[in-house]
Structure formats: structure tokens, C-alpha cells
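One structure is given below, encoded as C-alpha cells.
Counting convention: from 1, in listed order, for ligands and their atoms alike. All of these numbers come straight from a predicted model, not from anything done at the bench.
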Amino acid sequence: MYFSSWLSQLYRGLSRPIRRTTQPIWGSLSRSLMLSSQRRNPEYSSFVVRTNTCGELRSSHLGQEVTLCGWIQYRRQNTFLVLRDFHGLVQVIIPQDESAASVRKILCEAPMESVVQVSGTVISRPAGQENPKMPTGEIEIKVKTAELLNACKKLPFEIKDFMKKTEALRLQYRYLDLRSFQMQYNLRLRSQMVMKMREYLCNLHGFVDIETPTLFKRTPGGAKEFLVPSREPGKFYSLPQSPQQFKQLLMVGGLDRYFQVARCYRDEGSRPDRQPEFTQIDIEMSFVDQTGIQNLIEGLLQYSWPNDKAPVVVPFPSMTFAEALATYGTDKPDTRFGMKIIDISDMFRNTEIGFLQDALSKPHGTVKAICIPEGAKYLKRKDIESIRKFSADHFDQEILPVFLNTNRNWNSPVANFIMESKRPELIRLMETQEEDVVLLTAGEHNKACSLLGKLRLECADLLETRGVVLRDPTLFSFLWIVDFPLFLPKEENPRELESAHHPFTAPHPSDIHLLYTEPKKVRSQHYDLVLNGNEIGGGSIRIHNAELQRYILATLLKEDVKLLSHMLQALDYGAPPHGGIALGLDRLICLVTGSPSIRDVIAFPKSFRGHDLMSNTPDSIPPEELKPYHIQVSWPTDSRAAKTH
Ligand code: ASP
């Protein structure tokens, strides 16, 4: 795709009235939108020295005198030069006649990626020399004057999308990486979607965009927070993990429908889909229930969705947390393909096989399995070995691969023995076929499901690397997960409870009585939004009763309520019933653009380890500059560790 086509597509596509159509072909799409839409493309050349962008010129501009500014992308035989700006590429003819010697010198000598300004006439290319692959391919620029605005030194990498470069190099020279088509596309698409979201929320539904502080107080529970020292001895701010408390306080303040494109901070190690600072579309409403929030989000996504992507189909399906775990082994299931977890415990109720008997006799003991379609054909012996090793190392669980085709029983004599008599029943229950492989495990329900959920995804990836198409990469499959438990056992100490979402989440109305007797059984009014197996949003209806909030914080979660006394007090002063949600913008855009990492949709992301490789951040501060904050660094004794700090 060339610059100018994608850019007009982007702007026109997003300024359409909301409707659901399949994607028409390129030309007719632009035409129909040009005719039907009152809106027009943005004015790209207002207030600046150029008259046009490089990417916009067509035969309709023939004869026009234009001034263009851009970067030198190619030069061919000192005759042609291709100039690039954010909008696209255009061919410039370097004048050969003596009278234009100075223009020729500038254009022939300027190194690649230098910035130049040229003025000249739009002329048509000689017959047969048009380039149909280039949107500006029918025309070229006959230059009259040229100015070198800034020469470019030798670059650390070429600005061509097809040139492979390491991510570390891209991040170190991010400002160069941003010149690539892909980064330009991602950031502009992001900006457009956010603009449409604002339009939907503010103009169509009366939301108010309100900024909340980033210097705040420690929040009990939840993610680790970044600390910011203050000049008062021993006192610190925290960077908020989300504007949660503020948005609830805004409801108490009568601001009724709030949203913010909010920067959030969590001091957790980076992962492909995490960043220490990230952006949420943060929303809160008064007098709303779960369905109200879900309808709002479905409408918001449909309204802001780019036109050149597969459409968003509403309403989104919904699944309970318990069902998601039992069927997909995770609370963010990828429902684009099958391979569901099947409970086959009943087949083995009277088994004599020791370890199955043993598993089934324990509380919540089960036998479960997934079926890998054509696994016998596509999985290799070493894949099965690494699946078994992974299960043993990470879950302390045994996995038995069962091959239905008895000629292919390698590496699974035990399974073969077990299955001898059970084969027909297994085939019926799991709907398996000849070349399929069944992966079977026995153990506690949640653990067995989580393991099979991981293996399901692993195997899907493996099959796909071997050419099987399981998931259509162009489809968007949204799913609500509802009825979460209010509490989960704490990872470090499973006898204590922690909030499954956050401590402000309201219990399910039909489970409130259980709070005082069996809190582990209480479901909540928490909902998550999942897209293609990724959590892209989460929210809840909140507790608006101070007594209930205090009981949950102090008695059940054993938190220090003093840290939240302002919240408890506010709830006592006429807090309306309210609820909200936050969408992870980076993750959403990453999925929309099909990018491999959220770093590809953030202009200046941190590295995998949380560093800014361009400016070398975090960086050390001289001891005298730390003095006003009354803090001192205690250096690790290991000098190597000290150096890397
Ligand atoms: N503050 C929550 C979060 O960041 C979202 C919400 O409950 O609205 O996950």
C-alpha cells in the first residue's frame, strides 16, 4: 500500500457516518465517500511553506505550480529523485540544462534522507513511463528551484519498511523509525480512532473529558506503583495505576458521565502486551448498570472502528468466568477456534488406574482433555515431549497424548493401554477423527483447565506455523466475560483474599448475603472485554455504600482503611450508584493494526525491560541532587550489579 492511498482511506474511512457494510473495492470506496460525505480530507498544507503534500498530486494537478518539502528517498542516475513526506512519494526530475546547474548540484549532491524544498510544475510522465503502483505515478515535477533545508548524515539504518532492524536499534533511533510507513500508519490510525471516540462520547452522549492528577497517593492492593520522592522527608507520591478513585469521586461530585484518555503507570516488568506507562480510555457513569456500560462500549467501538477493517458486530457475545475457565482454561479465551476443554471424568469413575483414581478422589478432582485436530499429522514427537515437559515443570501435571490412529502411538504406551477399552467413548465425547491427537490430564479442576488452556494456545500456534489456518487474522472476535468471583486467593498466601478486579467492585446483588458467610463464593459485578484472546478492557459496577466498602476493605481484604479514608468519607456524602470501565488503548490499537507488540503503536515506548533506549532512562542522579529529597542510594555490593543500575 502506498502512502497517499492509505492516508485518504484512513481519514475518509473514519469520517463516515456509522453503518455496517462490507469493504467495497478501493476506488469505488473513495468515490462513494467523496460523493456522500459532507466532510472532506483535512487541509494538510495550511500555515506552512509547501503548497501541496508529496503524496496528493495526481493528473488533476497537471500544470499547477507547486512547492513541496520532503526527504530524499531515492535518486536514480542523477536524473530522477523521489521525494517523500508523511503523505507519500513523488518523482522529481532533476534539470539537466546548464542554466539550472545550481538546482542540479543541490539535488544531485544532497545525501539520502536530506530535507529539501522544491518548486516547479506538475507535468505528466512520458507515455509508457507511468507507474501504476504509485498513486502519484501518472505525474512528475519539473523543478525550477530547489533548496537544501538540512543535509542528512549517514543513518544507522535505511528508512525502508522492508529493511529488517532489531527492535533495540529502532528504539534507540525512534525518531528515524517513526519515518517508516508502518509507524506513520499506526500512529495516525490511533489518533483517528481516539478522535472518533471523543466525538462519540462527548458529542453524541454528553460525556465530559476531565483530567485527573498523576501525582497521587499509594493505593492498597493491585499492581506495584512507581514512587515519586517529595521534598518532605520520608514522603512520597505514587503514580496512579489508573484514575479509579478520582473517577468515582467525580461521580460523587455530580459529574455524571466522565471520560479521559488517561495515562496509567504500573511498575511491573514489561511483557509483549505491557508497558510501565500505558493509556486507557477511562469511563465512569452514574445511575448505570452492567448492560448500560456494555451497550456504551459496543457503540463506542463500532463508531470508532476503521472502515478498512472487518466490521464490529454487536452485541458482543458473553460468557461467565466459570464457563471460560472450564471450556478454555482462561478468563480471556480466544474463541476464534475450537479445541475446547472437555470433562471426561465420568469415563473413569470406576477406573482401576491408580493415578486417575487418585485424581478423581480428591476435592474438585477431574479428568479433562482437548483434541488437537490432525495433531498426528502436524505435531512432531519433539513437540509432544516439550508439551509433557512444560506440563511437568510449570503445572506439576502429567499429560497423556492419545493417538486415535493406533499406528501412531509413539511415546504414549500408558495412554494406549488406558484407552484400549475407552476409545469409542472418547471418540464420541470429543468428536475426534482418525488423525487427531487427544491431550489428557487428571487433577484439580482449575489447575487441569489452566494447563489445557495453555496447551490449547501452544498447539494452535504450532499448527499455524505448520500451515493450518485456525484463526482468521482479519477477523475481530469480541467477547464479554461476566460473573467473575469478587475475590481470588492471594498468590503469595492462598488463605488470604484479594480482589479479582479492584476493591471498589460491587458484589453481585444475589450473592451479597454470602459476603458474611462464604466470601469466596461471592460473584461480582465485574466485566472484562476480550478481543481475539486478549483482555482489552475491564470494569465494574462500584460499591456506593460506605459501610459495605469499609467491611470489604478492612474485614475481608485486611487493607489499611486509613489510606482510603477520603473514599469512604465521600461515599457517605450522597454518592450516587455508579459504574465504569477502562479500555486498554495500546492493546486495542495493536490488535486493530495487527502489530506484533504494543510498542509498535506507541510513539516513544519503553524497551522490554522498561528502559528508554533513546535517552538512556532511567538514569542516575548525582548524590547532591538527591539531597533535597532526603533519599540516598544504597548501592548493591556486587559491583557488576551496581554498574548496570
Ligand atoms: N480502573 C480499572 C482498571 O484500570 C478499570 C475500571 O474498573 O474502570 O482496570
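Under a 4.0 Å criterion applied to the non-hydrogen atoms of Ser242, ligand 1 contributes the atoms 1 (N), 4 (O). Counting atoms of ligand 1 from 1 in the listed order, those under 4.0 Å from a heavy atom of Ile581 are 8 (O).
With a 4.0 Å heavy-atom cut-off, ligand 1 is reached by the backbone of Ala582 and by its side chain too.
Of the listed options Glu284, Lys247, Glu535, Lys247 places a heavy atom closest to atom 8 (O) of ligand 1.
Residue Phe216 is tested with Phe226, Tyr237, Phe236, Phe246 for a ring pair (Phe, Tyr, Trp, His ring centres under 6.0 Å); the sole match is Phe246.
A cation-pi geometry, defined here as NZ or CZ lying under 6.0 Å from the six-membered ring centre and within 45° of its normal, does not hold between Arg174 and Phe604.
Under a 4.0 angstrom heavy-atom cut-off, Gln241 registers as lying outside contact with ligand 1. Under the 4.0 angstrom criterion for non-hydrogen atoms, Arg266 is in contact with ligand 1.
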Inset, instruction - Kindly determine whether Lys235 and His630 satisfy side-chain hydrogen bond (donor to acceptor under 3.5 Å, both in side chains), including the steps that lead there. - result: CA-CA 9 Å; Lys235 300 233 166 130; His630 312 277; over 6 Å; no
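Among all protein heavy atoms, the one lying closest to atom 2 (C) of ligand 1 is Gln244 OE1, 3.5 Å. Distance from atom 5 (C) of ligand 1 to its nearest protein heavy atom, with residue and atom name: Gly538 O, 3.4 Å. Taking atom 9 (O) of ligand 1 as the reference point, the nearest protein heavy-atom neighbour is His501 CE1, 3.7 Å.
Aromatic rings of His445 and His364 (six-membered ring for Trp) have centroids beyond the 6.0 Å cut-off, not under it.
For the pair Asp282 and ligand 1, the shortest N or O to N or O distance does not fall below 3.5 Å. Geometrically, ligand 1 and Gln280 share a nitrogen or oxygen pair separated by less than 3.5 Å.
Of the charged side-chain nitrogens involved, none lies within less than 4.0 Å of a carboxylate oxygen, so that Lys224 and Asp267 do not count as a salt-bridged pair.
The backbone N or O of Pro276 sits nowhere less than 3.5 Å from a side-chain atom of Lys606 that would complete a donor-acceptor pair. Proximity of a side-chain donor or acceptor of Thr330 to a complementary backbone N or O of Lys332 within less than 3.5 Å is detected.
Classification of the Tyr173-Tyr175 ring pair by plane angle, with boundaries at 30° and 60°, yields perpendicular.
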